[in-house]
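Here the structure is laid out as structure tokens; the discussion comes afterwards.
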Amino acid sequence: MKANIYIYIIVMAVVTYLIRMLPLTLIRKKIKNQFICSFLYYVPYATLAAMTFPAILYSTSTPYSAILGFASALLLSYKGKSLITVACVACGVVFVSELIFKACGLM
């Protein structure tokens, strides 16, 4: 049985549209529940973290260099450094640690 690709595309488009349209049409009033407001506030951050963290661990040659880069990024961001500084230093740490691991024969 050969499926038609256009049916899949139409179903995905309808589902995506419904997910975005239904909250706008069903919820007309301002949300006053503090739990729901805080939940909706943190959803984008949790989603971004869930998508980014696995990519951090599997984007390098070894997970050890990824952990070192992630730790350096966490430390710098905790200290309030800018995004470009955090990204450049984390990339540099990963690069240097992979050079060291390769030189020591750990890769």
Side-chain angles (χ1 to χ4, degrees):
M1 182 172 167
K2 187 173 181 178
N4 190 354
I5 189 73
Y6 296 113
I7 293 173
Y8 293 138
I9 293 172
I10 290 170
V11 168
M12 287 189 310
V14 168
V15 168
T16 303
Y17 180 74
L18 286 176
I19 289 172
R20 294 170 189 262
M21 187 257 322
L22 284 177
L24 292 174
T25 58
L26 297 178
I27 303 172
R28 298 268 182 187
K29 299 180 198 174
K30 181 175 170 74
I31 299 173
K32 295 180 183 176
N33 188 336
Q34 188 175 5
F35 176 76
I36 294 176
C37 285
S38 64
F39 175 77
L40 292 174
Y41 179 79
Y42 288 110
V43 164
Y45 300 110
T47 305
L48 181 63
M51 291 187 316
T52 306
F53 188 70
I56 290 171
L57 293 179
Y58 296 113
S59 63
T60 60
S61 299
T62 174
Y64 301 117
S65 61
I67 291 170
L68 288 173
F70 181 64
S72 66
L74 279 179
L75 180 69
L76 288 174
S77 62
Y78 180 74
K79 292 192 177 253
K81 301 298 180 187
S82 69
L83 178 63
I84 191 73
T85 304
V86 171
C88 288
V89 170
C91 289
V93 167
V94 169
F95 180 72
V96 170
S97 64
E98 286 197 359
L99 286 177
I100 292 170
F101 290 152
K102 189 178 277 189
C104 294
L106 297 173
M107 286 176 52

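- Heavy atoms of other residues, nucleotides or ligands lying less than 6.0 angstrom from CG of L18 number more than 12.
- For L40, the side chain to side chain contact (heavy atoms under 4.5 Å, CB included) test picks out I31, I36, with sequence neighbours left out.
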Hey, can you pull the donor-acceptor pairs under 3.5 Å for the side chains in residues 41-58, sequence neighbours left out?
| from | atom 1 | to | atom 2 | distance (Å) |
| --- | --- | --- | --- | --- |
| T47 | OG1 | V43 | O | 2.8 |
| T52 | OG1 | L48 | O | 2.7 |

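- Of the possible polar contacts, one joining the E98 side chain to the S61 backbone as a donor-acceptor pair under 3.5 Å is found.
- With sequence neighbours excluded, the residues that form a side chain to side chain contact (heavy atoms under 4.5 Å, CB included) with L26 are L22.
- Residues passing the ring pair (Phe, Tyr, Trp, His ring centres under 6.0 Å) test with Y6, sequence neighbours excluded: none.
- Tracing side-chain contacts under 4.5 Å through hydrophobic residues (I, L, V, M, F, W, Y), one never reaches M21 starting from L24; they form parts of separate clusters.
- Side-chain atoms of T16 never come within 3.5 Å of backbone atoms of A13 as a donor-acceptor pair (strictly under, hydrogens ignored).
- Under a hydrophobic clustering in which Ile, Leu, Val, Met, Phe, Trp and Tyr are joined whenever their side-chain heavy atoms come within less than 4.5 Å, directly or via other members, F70 and L75 fall into different clusters.
- Taking CG of L99 as the reference point, atom SG of C104 lies at 11.0 Å (rounded to 0.5 Å).
- I84 belongs to no hydrophobic cluster with other residues, because no ILVMFWY side-chain heavy atom falls under 4.5 Å from its own, directly or through intermediates.
- Between the CG atom in L74 and the CD1 atom in I67 there is a gap of 11.5 Å [rounded to 0.5 Å].
- Residues S65 and T62 bring no donor and acceptor atom of their side chains to less than 3.5 Å of each other.
- For the side chain to side chain contact (heavy atoms under 4.5 Å, CB included) test, residues two or more places apart in sequence or in another chain that qualify with V86 are A73, L76, S77, K81.
- Applying the side chain to side chain contact (heavy atoms under 4.5 Å, CB included) rule to I19 yields the partners V15; only residues at least two apart in sequence or on another chain are considered.
- Applying the ring pair (Phe, Tyr, Trp, His ring centres under 6.0 Å) rule to Y64 yields no partners; only residues at least two apart in sequence or on another chain are considered.
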What pairs of donor and acceptor atoms, side-chain ones from residues 88-96 against any protein atom, are under 3.5 angstrom apart with sequence neighbours left out?
none

